[in-house]
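As the structure lists them, so they are numbered: ligands from 1, and atoms in each ligand from 1.
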Amino acid sequence: MGGDTAAPDRPEALAGCTVVLGVTGGISAYKAVEVCRQLVDLGAHVVPVLTEDASRFVGETTFSALASERVRTSLFDDADPIPHTRLGRSADLVLVAPATAKLLGKYAAGISDDLLTATLLATGAPVVLAPAMHTEMWEHPAVVENVATLRRRGVHVVEPDTGRLAGGDVGAGRLAEPSRIVAAVLHMLQVPSASTPPDLAGVRVLVTAGGTREPIDPVRFIGNRSSGKMGHAIAQVAAARGASTTLVTTQGPVSIPGVTAVDVDTAEEMAAAVLAKYDDVDVVVMAAAVADFRPKVAAQEKIKKRDGVPEILLESTPDILAALGERKRAQVLVGFAAETERVREHAAEKLAAKRVDLMVANDVGAADSGFEVDTNRAVLLDSSGASEELPLLTKVELAGVIWDHVGRILRTPVLKRGSS
Ligand code: PMT
């Protein structure tokens, strides 16, 4: 473990961040001590939560001595009657290292039978899991499915290493080195590195995310598959690069460091929230999948099946981006165009029609791009006619490229910003 250090050139990179460090019962639990030390060295406030099994492998005293608070082990041994909600709410990030197959299974199934699993369910903060187990367990279909489910829900999983395991076996499933786990924490909290200065300091940005829900009756709605991941990544990166960031999202509650979140459901609510803020921002990024149509009238009571198939009359929702384009003064407007065919062509039409400065032409036809997944493929088109085709990127990486472009537009005098 000697040479394994996390970014020694970034002391205090996590100052002000509270990390709940969950430790479960595996032979590699001893490595969590080093993870804890590295997080504390980076300035994080670390609260260790050990499961009963973890306490068989590592001493509570060791963690209590290293961490910022004493070790918590139980839902009931505290003066605080609801420690899990307090921990979940105070956390900027919850990390579990090592995460056993049991922990993955319980978390994927929504089971909360101890302080750690209850905290995981009670938090809106980003979650990082570093699994460790025998190869046979790591490759078991149940575990593979649980990991896929958790990833789909936005949990960041640090792939285990391949190497020597308990009992002398060799294979995949060894807990990742502490520096890799801590690097994932830094990545999730979008801590700017020395090479990414806060170039958006002083810039006020508004980002939308998620799919709107247009009610049919009190229990049904017209919606879409947008998970909010793309918009949340854009807000997260903007804040990490110093922008004053507001996120209007249908996927709340969310807790992203440095981001003020506003929860909405419908296109009408999103339009009201965005237009209310428009005059006070420099950049708007519309990553939300706003419904184009909504039921003209939403039934007050649940529509009964026995009454037959209802005829639902639809009407258009407000086109928020077009309204922003019409009212645009010096703001930079970024739109997304979700397309499955003739991606560039359709996106270029929307760029002109909605008077945006930058259109992210998003290919949503492939399994690894667009809705719900962690990766995305896009072509950037700007109002001067320039375009850039990007490779498959993670949504956080794509967010970084978008902000690089927006930074260039912001540095261009308004009168020279293209023809829109
Ligand atoms: O949330 P994820 O699961 O991560 O998925 C990301 C995403 C696929 C939703 C995202 O990358 C994306 O492509 N968002 C735009 C989806 C969309 O509504 O595209 P559109 O081509 O229908 O709309 C064009 C633009 O007009 C968009 O910026 C949209 O926000 C905006 N719009 C659309 C309709 C409307 N009534 N008002 C709007 O402002």
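- A salt bridge is defined here as a Lys NZ or Arg NE, NH1 or NH2 lying under 4.0 Å from an Asp or Glu carboxylate O, and D199 with R241 meets this definition.
- In the vicinity of K229, heavy-atom distances shorter than 4.0 Å reach the ligand 1 atoms 1 (O), 2 (P), 4 (O).
- Regarding atom 21 (O) of ligand 1, its nearest protein heavy-atom neighbour is K350 NZ, 2.5 Å.
- At least one donor-acceptor pair closer than 3.5 Å links the side chain of T24 to the backbone N or O of T100.
- Among D292, T249, V284, the residue whose heavy atom lies closest to atom 34 (C) of ligand 1 is D292.
- For atom 33 (C) of ligand 1, the closest non-hydrogen atom of the protein is K354 NZ, 3.8 Å.
- Ligand 1 is never approached by A378 to a heavy-atom distance shorter than 4.0 Å.
- For the pair V401 and L390, the minimum side-chain heavy-atom distance is below 4.5 Å.
- A salt bridge does not link D280 with R204: none of the charged nitrogens is closer than 4.0 Å to a carboxylate oxygen.
- Side-chain polar atoms of S226 and N224 form no donor-acceptor pair below 3.5 angstrom.
- Ionic pairing of E159 and R151 is present here: one or more N-O contacts between side-chain nitrogen and carboxylate oxygen are shorter than 4.0 angstrom.
- The contact set between ligand 1 and I320, taken as ligand atoms under 4.0 Å from a residue heavy atom, comprises 37 (N), 38 (C), 39 (O).
- Residue-to-ligand polar distances keep A337 apart from ligand 1: every N/O pair is separated by 3.5 Å or more.
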Original post:
Could you walk me through whether K31 and E177 pass the side-chain contact (heavy atoms from CB on, under 4.5 Å) check?
Top reply: CA-CA 8 Å; K31 282 192 186 173; E177 283 308 310; 3.3 Å; yes

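- A salt bridge is defined here as a Lys NZ or Arg NE, NH1 or NH2 lying under 4.0 Å from an Asp or Glu carboxylate O, and D307 with K304 fails to meet this definition.
- Each of the atoms 1 (O), 2 (P), 3 (O) of ligand 1 lies under 4.0 Å from some heavy atom of G228.
- Taking every heavy atom of G335 and a limit of under 4.0 angstrom, the matching atoms of ligand 1 come to 28 (O).
- For ligand 1, the polar-atom distance check finds an N/O of L321 within less than 3.5 Å of one of the ligand's N/O atoms.
- Every atom of ligand 1 with a heavy atom of N362 under 4.0 Å away is listed here by number and element: 8 (C), 10 (C), 11 (O), 12 (C), 13 (O).
- Between P318 and ligand 1 there is a heavy-atom distance shorter than 4.0 Å.
- Checking N146 against T149 by side-chain atom types alone, no donor-acceptor pair falls below 3.5 Å.
- The atoms of ligand 1 that sit less than 4.0 Å from any heavy atom of T317 are 36 (N).
- Each of the atoms 36 (N) of ligand 1 lies under 4.0 Å from some heavy atom of A291.
- Residue M286 has at least one N or O atom closer than 3.5 Å to an N or O atom of ligand 1.
- With respect to K395 and D374, no salt bridge is recorded, no charged nitrogen being found less than 4.0 Å from a carboxylate O.
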**OP:** Show the numbers, then the answer: is there a side-chain contact (heavy atoms from CB on, under 4.5 Å) between L120 and V127?
**Re:** CA-CA 8 Å; L120 283 167; V127 173; 3.7 Å; yes

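- Distances shorter than 4.0 angstrom occur between a heavy atom of N376 and an atom of ligand 1.
- When only interatomic distances are considered, the shortest N/O to N/O separation between E339 and ligand 1 does not fall below 3.5 Å.
- Set against the non-hydrogen atoms of E372, the atoms of ligand 1 under 4.0 Å away are 2 (P), 3 (O).
- From the protein, the heavy atom lying nearest to atom 19 (O) of ligand 1 is A338 N, 3.4 Å.
- At a threshold of 4.0 Å, the pair E326-K354 does not count as salt-bridged, since none of the basic side-chain nitrogens sits closer than that to a carboxylate oxygen.
- Ligand 1 lies less than 4.0 angstrom from a heavy atom belonging to K395.
- Nearest protein neighbour of atom 24 (C) of ligand 1, counting heavy atoms only, is F336 O, 2.9 Å.
- For atom 6 (C) of ligand 1, the nearest non-hydrogen atom of the protein is M230 CB, 3.6 Å.
- Under 4.0 Å is where a charged nitrogen must lie from a carboxylate oxygen, and between E389 and R344 at least one such pair does.
- The closest approach between any non-hydrogen atom of A287 and ligand 1 is below 4.0 Å.
- Looking from atom 18 (O) of ligand 1 to the surrounding protein, the closest heavy atom is A289 CA, 3.4 Å.
- Of the charged side-chain nitrogens involved, none lies within less than 4.0 Å of a carboxylate oxygen, so that R408 and D404 do not count as a salt-bridged pair.
- Contacts with ligand 1 closer than 4.0 Å are made by backbone heavy atoms (N, CA, C, O) of A288 only, the side chain lying farther away.
- Not a single heavy atom of M270 sits under 4.0 Å from any atom of ligand 1.
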